[in-house]
Protein chains: 4
Amino acid sequence: MVETGGIAADALRSLIERVERLEEEKKALADDIKDIYSEAKSVGFDVKIMRQIVRLRKMDENDRQEQEALLDTYTHALGMIRG
Amino acid sequence: MVETGGIAADALRSLIERVERLEEEKKALADDIKDIYSEAKSVGFDVKIMRQIVRLRKMDENDRQEQEALLDTYTHALGMIRG
Amino acid sequence: MVETGGIAADALRSLIERVERLEEEKKALADDIKDIYSEAKSVGFDVKIMRQIVRLRKMDENDRQEQEALLDTYTHALGMIRG
Amino acid sequence: MVETGGIAADALRSLIERVERLEEEKKALADDIKDIYSEAKSVGFDVKIMRQIVRLRKMDENDRQEQEALLDTYTHALGMIRG
DNA sequence: CTGCCATTTTACCGGC
DNA sequence: GCCGGTAAAATGGCAG
């Protein structure tokens, strides 16, 4: 490990603080996102579904279809019917 | 609030400890479940899909279809195609 | 992937059912915990406070373990062996 | 439910896009953080330790706030006002 | 490629 | 009965 009492300690502190600062900003954005969902909810949208939508749009189309197919396979294997 | 120095304190402690004991047991069961999924994975099953299956089986059929329908509505509204 | 139309279907079903059984037990424990809180409330304790206490005690424990882990990481980084 | 074939579709799209924009920014910050850790590593710091430190500092903060909250709850339960 | 850790999502619970 | 917040579960990403 680098020396703990000397310049390295300062460097470490500085790096840690930069991380913490960025994490705060990240938190702020997360809060903004939550606010948007609240707003959406307040005008009658279903937040859970909206989250699903965002996830689907982010997802690669091939992956999505693969997952669907696999789910089908499993449900059939168990004799479940997916309406 | 009830008296903090007296019989009530003992009662409180006892209740807290009962809760903690039960939570430990709950934790143990959660670990057991994780083990089963590990085992499943090791023999080639897709854990993520298995979890989906468990969730679907737990879910009321009506709720499930409602959610599907709502997702459809939203994706159509956005011009997305759900293959 | 494992065969889905063969004996694997049985294996899958068995795994799923084991999970479901454990989840039921877990649910039962959760209910027991709720009962304790109800009981506590009925004799005059403040449930919110009790939950906070349980949470804090758990956090303290986690914190302690985390400190341990950090110390561990340090000693490893320094090539030391912790007795 | 809100109308899905009408102006509401536009509102939905707008909300979704706002979320997506913010998530991109969040992702960018996450990448920045990763970069800092890379940089730290390249000058000889142990990233795992650094992450633990950041986590601990955050936990301490949370813990402190939790203690505050508990005190608050107590005082409210006692009908006291905290100056 | 596997296990771990962080993030994200879901479910729950008490209060209003 | 809804709503907000809090804890649990699950998903995804990273390091070794």
Side-chain angles (χ1 to χ4, degrees), chain A residues 19 22-23 26-27 29-31 33-35 37-39 41-42 44 46-56 58-60 63-64 67, chain B residues 19 23 26-27 29-39 41-42 44 46-56 58-60 63 67, chain C residues 19 22-23 26-27 29-31 33-38 40-41 45-59 62 65-66 69-70 73 76, chain D residues 19 22-23 26-27 29-31 33-35 37-38 41 46-52 54-56 58-59 62 65-66 69-70 73 76-77:
Chain A
V19 167
L22 290 171
E23 290 201 342
K26 194 148 72 78
K27 173 87 164 49
L29 284 173
D31 289 344
I33 291 172
K34 265 180 49 175
D35 288 347
Y37 281 122
S38 292
E39 180 189 337
K41 180 177 187 175
S42 76
D46 184 310
V47 171
K48 184 173 171 184
I49 303 290
M50 283 181 66
R51 287 185 190 277
Q52 253 180 291
I53 299 267
V54 170
R55 211 181 319 132
L56 287 173
K58 200 180 322 188
M59 207 171 180
D60 179 70
D63 292 352
R64 239 207 64 246
Q67 277 216 358
Chain B
V19 167
E23 291 201 343
K26 198 148 70 81
K27 173 88 165 50
L29 284 172
D31 290 344
D32 291 348
I33 291 172
K34 267 181 47 176
D35 288 347
I36 295 182
Y37 281 122
S38 292
E39 179 189 338
K41 179 177 186 173
S42 75
D46 183 309
V47 172
K48 183 175 170 182
I49 303 289
M50 282 181 67
R51 286 183 190 277
Q52 253 181 291
I53 299 268
V54 170
R55 216 179 315 135
L56 287 174
K58 198 180 325 189
M59 208 169 178
D60 179 69
D63 293 352
Q67 276 217 1
Chain C
V19 168
L22 290 171
E23 291 202 342
K26 196 148 70 76
K27 174 82 167 52
L29 284 173
D31 289 344
I33 292 172
K34 259 179 53 177
D35 288 347
I36 295 181
Y37 281 121
S38 293
K41 181 174 188 175
F45 289 109
D46 183 311
V47 172
K48 185 174 176 184
I49 291 177
M50 284 181 64
R51 283 186 189 276
Q52 273 177 310
I53 290 172
V54 170
R55 203 185 317 142
L56 271 178
R57 283 163 62 110
K58 201 186 306 179
M59 276 178 68
N62 291 346
Q65 292 186 352
E66 180 81 12
L70 179 58
T73 315
H76 278 114
Chain D
V19 167
L22 290 170
E23 290 201 342
K26 195 148 71 77
K27 174 83 167 51
L29 284 173
D31 290 344
I33 292 171
K34 265 181 45 179
D35 289 346
Y37 282 121
S38 294
K41 180 175 189 175
D46 183 311
V47 172
K48 186 174 176 185
I49 291 177
M50 284 181 65
R51 284 186 189 276
Q52 273 177 311
V54 170
R55 204 183 320 140
L56 270 179
K58 201 186 307 181
M59 277 178 69
N62 290 346
Q65 292 186 355
E66 181 80 13
L70 179 58
T73 314
H76 278 113

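Naming convention: chains lettered A, B, ... in sequence-line order (proteins, then strands); numbering from 1 in each chain. Fair warning: this is a prediction, and the values are worked out from it, not measured in the lab.
Remark: C1' of E:dT8 and NZ of D:K27 are 15 Å apart, rounded to the nearest angstrom. Rounded to an integer number of Å, the gap from CD1 of C:I36 to C1' of E:dC13 is 16 Å. Separating the CD1 atom of D:I49 from the P atom of F:dA15 is a distance of 16 Å, rounded to the nearest angstrom. Per the geometry, CG belonging to B:D46 stands 14 Å off C1' belonging to F:dG12, to the nearest Å. Per the geometry, CD belonging to A:E23 stands 11 Å off P belonging to E:dT8, to the nearest Å. Regarding A:E39, its CD atom lies at a distance of 14 Å from the P atom of F:dG4, rounded to whole Å. If you take CD1 of A:I33 and P of E:dT7, they are 13 Å apart, rounded to a whole angstrom. In this structure, CG of B:D63 is placed 14 Å from C1' of E:dT10, rounded to the nearest angstrom.
Projected onto DNA chain F by closest heavy-atom contact, B:Q52 and A:K34 fall at different nucleotides, the more 5' of which corresponds to A:K34. DNA chain E is contacted by both C:Y37 and A:A30; A:A30 maps to the nucleotide lying nearer its 5′ end (nearest heavy atom per residue).
Ranking E:dA6, F:dA8, E:dT9 by closeness to the C:K58 side chain, first place goes to F:dA8. Comparing F:dA10, F:dG16, F:dG4 by their nearest atom to the side chain of D:K41 picks out F:dG16. Candidate nucleotides F:dC3, F:dT11, E:dT8 were compared by shortest atom distance to the side chain of D:K26, and E:dT8 ranks first.
Within the 4.5 Å cutoff, side-chain heavy atoms of C:I53 are placed close to those of C:R57. Residues A:D46 and A:K41 have side chains not in contact (no heavy-atom distance under 4.5 Å, counting atoms from C-beta outward).
Within the structure, every side-chain polar atom (N or O) of C:R51 is placed at least 4.0 Å from both OP1 and OP2 of E:dC13.
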Show your working on side chain to side chain contact (heavy atoms under 4.5 Å, CB included) between A:E23 and A:V19 and close with a plain yes or no. CA-CA 6 Å; A:E23 290 201 342; A:V19 167; 4.0 Å; yes
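Residue-level contact check: C:K48 touches neither bases nor backbone, having no heavy atom under 4.0 Å from any strand.
Minimum heavy-atom separation, B:K26 to C:L29: N-CD1, 3.5 Å.
With C:T73 as the fixed residue, the side chain to side chain contact (heavy atoms under 4.5 Å, CB included) test singles out one of D:M50, D:R51, D:Q52: D:Q52.
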